[in-house]
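Have a look at the structure below before the remarks.
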Amino acid sequence: MLDAAFVRNNLQAVQANCQNRNVPADIVRVVALDDGRRELLGKIQTIQQRQNEVSKLIPKEKDPGQKQAMIAEGKSLREQVALVEVQVREAEANLKAALSLIPNMTHPDAPVSSDPAGNKEVIRWGEPRQFDFPAKDHVALCDSLQLADFEAGASVTGQKFYFLKNEGALLELALVQYAMGVLVKEGYTPFITPDLARVEVLEGIGFIPRDPDPEKRQVYTIEGTDLCLVATAEITLGGMHRDHILDEATLPRKYVGMSHCFRTEAGAPGRDTRGLYRVHQFTKVEMFVFCTPEQSEAIHLELLRIEEKIFQGLGIPYHVIDTCTGDLGGPAYRKFDIEAWMPGRGKEGEYGEVTSTSNCTDYQARRLNIRCKAQGQKGTRFVHTLNGTAVAVTRALLAILENFQETDGSVTIPEVLRPFVGKDRIVTR
RNA sequence: GGAGAGGUGGCUGAGUGGCCGAAAGCACCGGUUUGCUAAAUCGGCGUACGAGUUACAUCGUACCGGGGGUUCGAAUCCCCCCCUCUCCGCCA
């Protein structure tokens, strides 16, 4: 979320930003709520001040009558404080709720458009392959090569669940190993994170697990607990340092974590119903960085560079999208997506999203209360957080199968994965 | 899951109703001194919010794991919860 004081001092800019991002937000109400909160805070402090005075004087007071009067006053002050406290709490909750509806500010270079069509291609790498035979989509390949079992997934768990099988299963492990290996070489600390997290952590990252509209909830919640299945390791990695003050000398902290990701895909029923493109559970290796405000912009480019390196290593053609304002979501200040070429997608192949990297500046850190402090300097500031996909296994797997299929129905395994799979090629069994 | 011990500032650790935002030490920052290093010595040294200042200073309020309660007054007493450690049980 944004800082209430920032909103107050930059009304027009915040207003314009909400418009660009296509988010209806009531800025005026935020300021009004903040006014109310400040006033109550002032009120309570005045009472508390008197309360402290009185209780300090009481032990010194010799006259019993005076003393009784002061005790009575103290008692009354205590009751007043209790009353105002309730109001303060309510005011703070209202303000926080209103504030969390306002999206982050936007990088000046991000394309401005309320329509996803405004997304801008900024990099193109590799040439989509021309097939001299009718290319299959990954569903057909998974079927003929027995790499995934969608019926079993549907039967055991439900629609949009799957079993990976044979080289399909091995390729998941291979992709994870490959991505982790690249990241460790880049100096990132590897993690395997919990697949469940508390509701507050989800909210801090920008998810809305308690959205009153069940049709909009993107995450699964565990009944009888305050836990959710995570939708990405961004949640757990970002939550790691909540309520911490990090020494600036230790920044940036670069992490890479593997987790399973669970998504209800609410709002996308009937979309991409076949295959691995849109599923309720997948495995993902995610990068996450905590850094100072000065560092975040350069690190964002680094995350994109690493994502490109991983896809270049796989040899899959892609392009990079600079996401437009209307498509940024709440927390991102700027976002780059890699869309990989997927020959089986659409009629003649399409680019499909495989990674996403966001600079969230201090938007998540404020909610999660993650600050940093320089040695010998007074005060703290909120850190900047960034995240990026190293590998989302199902989509990478899809792209590999479709791009590297051969006339005879086999699939060539990318060289970087061969050591982990133990073979060069997947052949019809 | 059961039993016990414990959670105080960056760390160690004192503090069992007012003189405690909190002793002392370490670490850190600044000064002095010694030819350098080291040592000695003096001072400073939490965070948030609010008031205030050009900026400092300064003042107020809150915070001793979290939440509630008792009291004029709580780090200190009471209740609930969380976490850590040790032992036992269970388990991959």
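Just so it is clear: chains get the letters A, B, ... in the order the sequence lines come, proteins before strands, and each one is counted from 1. Side chains are part of it too, since the values below use all heavy atoms of this structure and drop only hydrogens, waters and symmetry mates.
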**Complete:** In whole angstroms, the gap separating P of B/U47 from NE2 of A/H244 amounts to 17 Å

Would you give me the side-chain donor-acceptor pairs under 3.5 Å for residues 178-190 of chain A, sequence neighbours excluded?
{"unit_1": "A/Y178", "atom_1": "OH", "unit_2": "A/I310", "atom_2": "O", "d": "2.8"}
{"unit_1": "A/E186", "atom_1": "OE1", "unit_2": "A/R305", "atom_2": "NH2", "d": "2.7"}
{"unit_1": "A/E186", "atom_1": "OE2", "unit_2": "A/R305", "atom_2": "NH2", "d": "2.5"}
{"unit_1": "A/E186", "atom_1": "OE2", "unit_2": "A/K309", "atom_2": "NZ", "d": "2.9"}
{"unit_1": "A/Y188", "atom_1": "OH", "unit_2": "A/E302", "atom_2": "OE2", "d": "2.6"}

**Prompt:** Closer to the 5' end of RNA chain B via nearest nucleotide, is it A/T380 or A/P59?
**Reply:** A/P59

**Message:** With rounding to the closest Å, how many angstrom separate the P atoms on B/G9 and B/U47?
**Reply:** 14 Å

**Non-neighbouring partners of A/E92 that pass side-chain contact (heavy atoms from CB on, under 4.5 Å), sequence neighbours left out** = A/R37, A/L41, A/V88

**Request:** Just jot down the side-chain contact (heavy atoms from CB on, under 4.5 Å) partners of A/Q80, sequence neighbours excluded, or say none.
**Result:** A/I47, A/S76, A/L77

**Item:** Sequence-distant partners of A/D143, side-chain contact (heavy atoms from CB on, under 4.5 Å), two or more places apart
**Value:** none

**Message:** Test: side chain to side chain donor-acceptor pair (under 3.5 Å). Region: residues 2-16 of chain A. Which pairs qualify, not counting sequence neighbours?
**Reply:** A/R8-A/D34, A/R8-A/D35

**Item:** Separation of the P atoms in B/G69 and B/G15, to the nearest angstrom
**Value:** 29 Å

**Prompt:** Which value, in whole Å, describes the distance between the P atoms of nucleotides B/U58 and B/G6?
**Reply:** 40 Å

**Prompt:** Considering residues at least two apart in sequence or located in another chain, which fulfil the side-chain contact (heavy atoms from CB on, under 4.5 Å) criterion with A/A140?
**Reply:** A/K136, A/D137

**Fill in**
The complete set of ring-ring contact (aromatic ring centres under 6.0 Å, His included) pairs with one or both residues in residues 72-109 of chain A, sequence neighbours excluded, reads A/H107-A/Y333

**Message:** If you take any heavy atom closer than 4.0 Å to RNA chain B, which residues from residues 193-206 of chain A end up in contact?
**Reply:** none

**Request:** Verify the neighbour count for atom CD of A/E39: are there more than 12 heavy atoms of other residues, nucleotides or ligands below 6.0 Å?
**Result:** no

**Partners meeting salt bridge (Lys or Arg N to Asp or Glu O under 4.0 Å) with A/E85 (sequence neighbours left out)** = A/R89

**Message:** Say we look at B/G30 and B/C82: how far apart would their P atoms be, to the nearest angstrom?
**Reply:** 46 Å

**Fill in**
Whether each nucleotide of nucleotides 50-70 of chain B has a protein heavy atom under 4.0 Å at its base (B), only at its sugar-phosphate (S) or at neither (-) is summarised, 5' to 3', as S---------BBS-----S--

**Message:** Can you check the distance between B/G17 and B/C64, where both ends of the measurement are the C1' atom (answer in whole Å)?
**Reply:** 15 Å

**Message:** With a 4.0 Å cutoff (strictly under), does any side-chain N or O of A/K373 reach OP1 or OP2 of B/U47?
**Reply:** yes

**Message:** I'd like to know whether CZ of A/R274 has more than 12 heavy-atom contacts from other residues, nucleotides or ligands below 6.0 angstrom.
**Reply:** no

Per-pair distances, 0.1 Å, donor-acceptor, side chain in residues 66-73 of chain A, under 3.5 Å, sequence neighbours excluded:
{"unit_1": "A/E73", "atom_1": "OE1", "unit_2": "A/R50", "atom_2": "NH2", "d": "3.0"}
{"unit_1": "A/E73", "atom_1": "OE2", "unit_2": "A/R50", "atom_2": "NE", "d": "2.8"}
{"unit_1": "A/E73", "atom_1": "OE2", "unit_2": "A/R50", "atom_2": "NH2", "d": "3.3"}

**Asked** Can you list, by residue number, the residues of residues 62-77 of chain A that have a non-hydrogen atom closer than 4.0 angstrom to RNA chain B?
**Response** A/I71, A/G74, A/K75

